[in-house]
2 protein chains.
Amino acid sequence: MRAKVLVTLKPEVLDPQGEAVRRGLVQLGLVGIREVRIGKVIELDLVDSPDVEATRKLLQRAAEELFANPVIEDWRVELDAVTPTPQG
Amino acid sequence: MRAKVLVTLKPEVLDPQGEAVRRGLVQLGLVGIREVRIGKVIELDLVDSPDVEATRKLLQRAAEELFANPVIEDWRVELDAVTPTPQG
């Protein structure tokens, strides 16, 4: 099973790195960009477990304790559906 | 319109940061983790454009020229569907 945890700065926290990227994009000629925010993505390859909800809870805990700084960052856990065993 | 560009190390490139996180997760008591890879996510808030394909191409170019190091990194552009105007 594959999972992703996305960690991004809270909307009220300034992101100077994102602002620098936005300016870089303008210099590349990309117009119409309101805002850019930079975050982290943690991709995990997990042993398949039938209990998806337990896995989600563990990853929520990992995000809170290890991946993110809860004072300035938000996180989102995304679990890919378990690939069904091919039939026939 | 919102877009995301995910930048991750190519599978054949070692990720010591990811390995350190994997060990941290084991210490937290999370079992069954085969591999952890750390990447970047660039979230963009764009002015709505009817030409989604043109926007995708621009972001592909931005990813190649600005966000990623094509020698060691892969990237994926994800465009959220334009929110339809409420009817009625």
Side-chain angles (χ1 to χ4, degrees), chain A residues 1-11 15 17-52 54-68 73-78 82, chain B residues 1-11 15 17-52 54-68 73-78 82:
Chain A
M1 185 163 44
R2 299 199 55 91
K4 257 202 298 271
V5 181
L6 291 160
V7 179
T8 47
L9 285 171
K10 285 182 193 283
D15 184 356
Q17 193 187 2
E19 178 56 22
V21 167
R22 195 190 62 77
R23 283 191 217 155
L25 291 170
V26 171
Q27 298 222 325
L28 269 183
L30 275 79
V31 291
I33 300 165
R34 286 204 200 94
E35 197 184 13
V36 178
R37 314 275 294 175
I38 312 283
K40 284 177 286 189
V41 55
I42 297 108
E43 292 188 320
L44 301 110
D45 185 15
L46 303 162
V47 174
D48 281 348
S49 152
D51 193 345
V52 175
T55 306
R56 187 185 300 275
K57 268 191 199 157
L58 282 174
L59 290 177
Q60 289 280 4
R61 207 186 117 213
E64 202 171 332
E65 294 184 23
L66 196 69
F67 301 152
E73 288 171 328
D74 289 325
W75 59 88
R76 197 162 71 246
V77 173
E78 290 179 6
V82 181
Chain B
M1 186 164 42
R2 299 200 54 94
K4 257 202 299 268
V5 181
L6 291 160
V7 179
T8 47
L9 285 171
K10 284 182 193 282
D15 183 357
Q17 194 188 2
E19 178 56 21
V21 167
R22 195 190 61 76
R23 284 191 216 157
L25 290 171
V26 171
Q27 298 222 324
L28 269 183
L30 275 80
V31 292
I33 300 165
R34 286 203 201 95
E35 198 184 12
V36 178
R37 315 275 294 174
I38 312 284
K40 284 176 286 188
V41 54
I42 297 107
E43 292 187 320
L44 301 110
D45 184 16
L46 304 162
V47 174
D48 281 348
S49 153
D51 193 346
V52 175
T55 306
R56 187 185 299 277
K57 267 191 199 157
L58 282 173
L59 289 178
Q60 289 281 3
R61 207 185 118 213
E64 202 172 333
E65 294 183 24
L66 195 69
F67 301 153
E73 288 172 326
D74 289 325
W75 59 88
R76 196 163 70 246
V77 173
E78 290 178 7
V82 180

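For the numbers below, each heavy atom of this structure counts, side chains included, while hydrogens, waters and symmetry mates do not. In the text below, chain A, chain B and the rest are named by the order of the sequence lines, each starting its count at 1.
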Q: Enumerate the residue pairs fulfilling salt bridge (charged side-chain N to carboxylate O under 4.0 Å, His left out) with a member in residues 20-31 of chain B, sequence neighbours excluded, ordered by first and then second residue.
A: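 As it turns out, the salt bridge (charged side-chain N to carboxylate O under 4.0 Å, His left out) pairs with a partner in residues 20-31 of chain B, which skip direct neighbours, are B:E19-B:R22, B:E19-B:R23.
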Q | Contacting moiety of A:I42, where chain B heavy atoms sit under 4.5 Å | A | both
**Q.** Backbone of A:M1 reached by a side-chain donor or acceptor of A:D48 within 3.5 Å
**A.**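 Between the backbone of A:M1 and the side chain of A:D48 there is a qualifying donor-acceptor contact (under 3.5 Å).
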Q: State whether the side chain of B:R37 and the backbone N or O of B:K10 hold a donor-acceptor pair below 3.5 Å, judged by distance alone.
A: yes
Q. Taking every heavy-atom pair that is under 4.5 Å apart, which of B:V41, B:V31, B:V47 has the most such pairs with chain A?
A.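 The candidate making the most pairs under 4.5 Å is B:V41.
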Q. What part of B:T55 is in contact with chain A, defined as an atom under 4.5 angstrom from a non-hydrogen atom: side chain, backbone, both or neither?
A.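 Contact with chain A: none, neither part.
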**Q.** Part of B:Q17 within contact of chain A (heavy atom distance under 4.5 Å)
**A.**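 Contact with chain A is absent: no heavy atom of B:Q17 under 4.5 Å.
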**Q.** Set of side chain to side chain contact (heavy atoms under 4.5 Å, CB included) partners for B:L66, sequence neighbours left out
**A.** A:V21, A:L25, A:L28
